[in-house]
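This structure is a prediction, so every number in the text was calculated from the model and none was measured.
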Amino acid sequence: MPAIAYSTNIVPNVLRRGDKIRIKGILNDNAQEFSINFVNEICKNPDFITYHFKWILDEHVIVENYKDNGSWVDHQEQDYDSLDGVLYSDDDENNNNNDSPLQYTNNNNNNNTVLNYSVLGPIFDLEFTFQDGVIDVYKFFDNKPNRITTYEPYFEISEIKALQVWGDVKKISELTFKYA
């Protein structure tokens, strides 16, 4: 199990419809995966997780599920290369050069914009929007959101008490709570 990189409590606030959580971070060099858990217990290894979002970078997969009484349930995977607004490396996977560009692909018009890694490593910028019965996940590019997935949680979002970031994350550079 990868190490926990960051954890914060959401309580005393209760998440409601229309609330948003935006998280920006810097990944480790040669990062393979990271995950963001919206947990129902304030502890390191909770038995109840409303939403588990994992990005397996080297396999180009997003995994979503939840944890009920210690068991993972509703495992869903999708290829993130096929989603609009997703960053991918155009270099060999074994290339350790931090100066290698990332490409942004817009599937609507086939234009590519070259980005560079930051000095500290590749970045991620995600926003989780809590709606009626769903959690929408957006990846930001040029400060514009691109929806990459929608998940229907088993538990009510009001049961979420904390946020945990696991895996190959060097640091969290920004965490913003927007309450409706």
Side-chain angles (χ1 to χ4, degrees), residues 1-25 27 31-88 107 123-141 144-169 171-180:
M1 174 185 300
I4 191 166
Y6 183 81
S7 180
T8 188
N9 296 342
I10 295 173
V11 292
N13 291 328
V14 174
L15 289 177
R16 293 184 172 85
R17 182 179 63 110
D19 290 348
K20 300 175 183 182
I21 297 176
R22 187 167 174 182
I23 184 166
K24 297 179 186 181
L27 298 173
Q32 294 180 349
E33 69 178 49
F34 70 97
S35 62
I36 300 172
N37 293 334
F38 294 90
V39 302
N40 302 12
E41 305 167 278
I42 300 174
C43 63
K44 184 176 180 180
N45 292 308
D47 287 328
F48 297 91
I49 298 176
T50 294
Y51 181 51
H52 171 75
F53 173 91
K54 180 174 17 177
W55 204 326
I56 305 173
L57 301 164
D58 59 342
E59 295 178 18
H60 308 287
V61 171
I62 292 174
V63 175
E64 300 171 286
N65 54 14
Y66 69 94
K67 196 175 195 183
D68 186 6
N69 202 22
S71 298
W72 290 105
V73 182
D74 193 33
H75 181 90
Q76 300 176 27
E77 291 186 9
Q78 58 182 303
D79 176 9
Y80 76 85
D81 277 347
S82 64
L83 301 172
D84 189 28
V86 173
L87 297 175
Y88 68 95
N107 292 334
I123 60 170
F124 66 92
D125 185 354
L126 299 170
E127 183 173 81
F128 298 85
T129 302
F130 303 92
Q131 304 297 334
D132 280 332
V134 298
I135 300 171
D136 286 320
V137 181
Y138 295 88
K139 174 137 184 38
F140 278 78
F141 177 75
K144 295 176 187 163
N146 293 282
R147 190 183 61 76
I148 59 173
T149 189
T150 297
Y151 186 78
E152 295 181 35
Y154 174 76
F155 298 112
E156 295 293 326
I157 61 170
S158 61
E159 294 183 47
I160 298 170
K161 296 193 175 18
L163 174 134
Q164 296 176 334
V165 180
W166 292 80
D168 299 326
V169 177
K171 76 176 207 173
I172 300 301
S173 57
E174 183 178 324
L175 179 63
T176 306
F177 296 87
K178 300 176 186 175
Y179 296 102

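Legend: residues meeting ring pair (Phe, Tyr, Trp, His ring centres under 6.0 Å) with Phe128, ordered by chain and number and at least two apart, are Phe38, Phe53. Scored by the side chain to side chain contact (heavy atoms under 4.5 Å, CB included) test, Glu41 finds Cys43, Pro46, Asp47, Phe48 as partners (sequence neighbours excluded). Every residue meeting the side chain to side chain contact (heavy atoms under 4.5 Å, CB included) condition with Lys178, not counting sequence neighbours, appears here in chain and number order: Lys20, Glu127, Thr176. In this structure, the side chain to side chain donor-acceptor pair (under 3.5 Å) partners of Asp74, at least two apart in sequence or on a different chain, are Gln76, Tyr151. By the ring pair (Phe, Tyr, Trp, His ring centres under 6.0 Å) test, Tyr179 is found to be paired with no residue, residues two or more places apart in sequence or in another chain being considered.
Rounding to the nearest 0.5 angstrom, the gap separating the CH2 atom in Trp55 from the CD1 atom in Ile36 is 9.5 Å. Atom CG in Asp168 sits 10.0 Å away from atom OG in Ser35 (nearest 0.5 Å). Within the model, atoms OH of Tyr138 and CG of Leu126 stand 12.5 Å from one another, a figure rounded to the nearest 0.5 Å. Leu163 contributes atom CG, which lies 6.0 Å from atom CD1 of Ile21 (distance to the nearest 0.5 angstrom). In this structure, CD1 in Ile160 is found 5.0 Å from CD1 in Ile135, a value given to the nearest 0.5 Å. Here Asn40 contributes atom CG and Glu156 contributes atom CD; the two are 10.5 Å apart, rounded to the nearest 0.5 Å.
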Just distance, no hydrogens or angles: give the donor-acceptor pairs under 3.5 Å from side chains in residues 2-10, sequence neighbours left out.
none

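Taking both residues in full, the closest heavy atoms of His75 and Val63 are given as CE1-CG1, 3.4 Å, listed atom of the first, atom of the second, then distance. Here the shortest heavy-atom pairing between Asp79 and His60 reads OD1-O, 3.0 Å. Residues Val134 and Glu152 come closest through the heavy atom pair CG1-CG, 3.6 Å. Nearest heavy atom pair, residue Asp136 against residue Gln131, reads OD2-CG, 3.8 Å. Considering all non-hydrogen atoms of both residues, Ile42 and Ala162 come closest at CG1-CB, 4.4 Å. The two residues Gln78 and Ile148 come nearest to each other via the heavy atoms OE1-O, 3.8 Å.
Considering only heavy atoms from C-beta on, Glu33 comes within 4.5 Å of Lys54 through its side chain. Within the 4.5 Å cutoff, no side-chain heavy atoms of Tyr154 are placed close to those of Asn65.
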Given Ile49 and Trp72, is the side-chain contact (heavy atoms from CB on, under 4.5 Å) satisfied, shown in steps?
CA-CA 9 Å; Ile49 298 176; Trp72 290 105; 3.6 Å; yes

